[in-house]
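Let me begin by presenting the structure, written as structure tokens, before commenting on it.
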Amino acid sequence: MMETTATVPHPYWPRDLSIPSYVANDRSMSEILVFLFSVSGALLVATWVLTGREGAGGKLGGWRRLALCWFAVCGFIHGVIEGWFSLYYEIIPADQSFLSQLWKEYSKGDSRYVIADNFTVCMETVTAWLWGPFSVWTVFAFLTKRSYRFVLQLIVSLGQLYGAVLYFYTEHRDGYAHSELGHPVYFWFYFVFMNVLWIVIPLMLLADAWTHLSAAQTQADSSGSQKNKRN
């Protein structure tokens, strides 16, 4: 057993996974996580300040501002981080660019990202090139009070929820073979926590969009009925 473990040239699961081009990161986990959370935090603060301005399509409430902070961070994560994966997934195991190292670190929680798994590549490509730009568009739509803003919120949130459910379900079908099951950081933090956010928050935003769109439709139906009565 000791001999088999020693021959594994990477930190990923399953332990017999073949990644011949793998090059170990030269950046620490803390460097990578500090970058991710620092940029995300800066975007949160910037969006919170921006949405608090009177000129931003009128004064927005606290809940709406938090929702726009979420979409701003999604624009960064989907468009930049997942966009990088969608473009360079074939070379990530050997590449030492910062974002490639970020993906190699995250892959300790889900090794599908270092083996160019078909589902993962397709899902991340759709997420990067659709939900990334659409997240930014959603922020713009709310700041400028576009009539379609809740439609965008509904579309993006539904897409995110669908992708996250498939992400978890496909790994469940594989028996959680691509992570060290139960590991406090790699399984529970990387794999579970960092992805379950895209189930919980989109569900809340879907309910919010549903409520507003239903109210608008009810008002439109009521206005239509009153016009018919006058005629």
Side-chain angles (χ1 to χ4, degrees), residues 5 8-40 73-133 135 159-202:
T5 303
V8 176
H10 59 73
Y12 306 115
W13 289 73
R15 302 301 284 152
D16 59 355
L17 199 63
S18 176
I19 314 175
S21 63
Y22 174 72
V23 175
N25 282 354
D26 57 21
R27 293 182 181 273
S28 67
M29 176 178 72
S30 58
E31 284 183 85
I32 291 168
L33 293 182
V34 164
F35 164 79
L36 176 62
F37 291 114
S38 295
V39 175
S40 298
V73 172
C74 286
F76 163 67
I77 292 175
H78 296 334
V80 177
I81 296 178
E82 291 170 293
W84 181 274
F85 176 81
S86 76
L87 293 173
Y88 302 110
Y89 61 88
E90 291 181 324
I91 66 166
I92 280 175
D95 188 46
Q96 291 295 75
S97 300
F98 188 87
L99 290 180
S100 291
Q101 292 198 46
L102 183 152
W103 279 112
K104 284 192 281 184
E105 175 62 30
Y106 174 76
S107 295
K108 294 173 184 176
D110 187 351
S111 63
R112 290 180 291 179
Y113 286 87
V114 286
I115 59 172
D117 170 76
N118 279 337
F119 165 75
T120 307
V121 171
C122 295
M123 184 268 294
E124 292 292 1
T125 300
V126 170
T127 300
W129 298 104
L130 277 182
W131 311 139
S135 293
Q160 291 174 328
L161 177 64
Y162 182 65
V165 168
L166 286 181
Y167 176 75
F168 280 117
Y169 191 47
T170 51
E171 182 60 8
H172 173 72
R173 295 270 299 169
D174 284 339
Y176 302 100
H178 301 98
S179 181
E180 185 177 353
L181 187 63
H183 191 284
V185 176
Y186 303 142
F187 181 78
W188 287 110
F189 183 62
Y190 285 8
F191 177 70
V192 177
F193 175 74
M194 292 181 75
N195 290 287
V196 80
L197 293 174
W198 273 270
I199 290 180
V200 175
I201 298 176

Answer yes or no: is there a donor N or O on one side and an acceptor on the other, between the side chain of [X] and the main chain of [Y], under 3.5 Å?
X    : Y    : result
K104 : V23  : yes
H10  : P93  : no
D174 : A177 : no
Q160 : P202 : no
E180 : Y186 : no
S100 : I92  : no
W103 : I81  : yes
Q96  : A24  : yes

Can you tell me how the ring of [X] sits relative to the ring of [Y], calling it parallel under 30°, perpendicular over 60° and tilted otherwise?
X    : Y   : answer
F189 : F37 : tilted
W198 : H78 : tilted
F98  : F35 : perpendicular

Exercise: identify the closest heavy-atom pair between [X] and [Y]:
X    : Y    : value
Y106 : F191 : OH-CA, 4.3 Å
L17  : I115 : CD2-CG2, 3.6 Å
F168 : N195 : CZ-CB, 3.5 Å
V121 : F85  : CA-CE2, 3.9 Å
W13  : P11  : CD1-O, 4.0 Å

Output the distance between atom [atom1] ([X]) and atom [atom2] ([Y]), rounded to the nearest 0.5 Å.
X    : Y    : atom1 : atom2 : result
C74  : I201 : SG    : CD1   : 7.5 Å
M123 : S86  : CE    : OG    : 11.5 Å
L181 : E171 : CG    : CD    : 9.5 Å

Determine whether [X] and [Y] make a side-chain contact, defined as any pair of heavy atoms from C-beta on separated by less than 4.5 Å.
X    : Y    : result
S107 : Y12  : yes
M29  : V185 : yes
E105 : N25  : yes
S97  : W84  : yes
Y113 : T120 : yes
L87  : W129 : yes
Y22  : V114 : no
Y88  : L99  : no

Side chains of Y89 and E124: donor-acceptor distance under 3.5 Å anywhere?
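No, no side-chain donor-acceptor pair sits under 3.5 Å.
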
Please identify each residue that fulfils ring pair (Phe, Tyr, Trp, His ring centres under 6.0 Å) with F119, with sequence neighbours left out.
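Partners of F119 by the ring pair (Phe, Tyr, Trp, His ring centres under 6.0 Å) criterion come out as none, since no residue qualifies.
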
Quick check on D26: does its CG atom have over 12 non-hydrogen neighbours (other residues, nucleotides or ligands) under 6.0 Å away?
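More than 12 within 6.0 Å, yes.
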
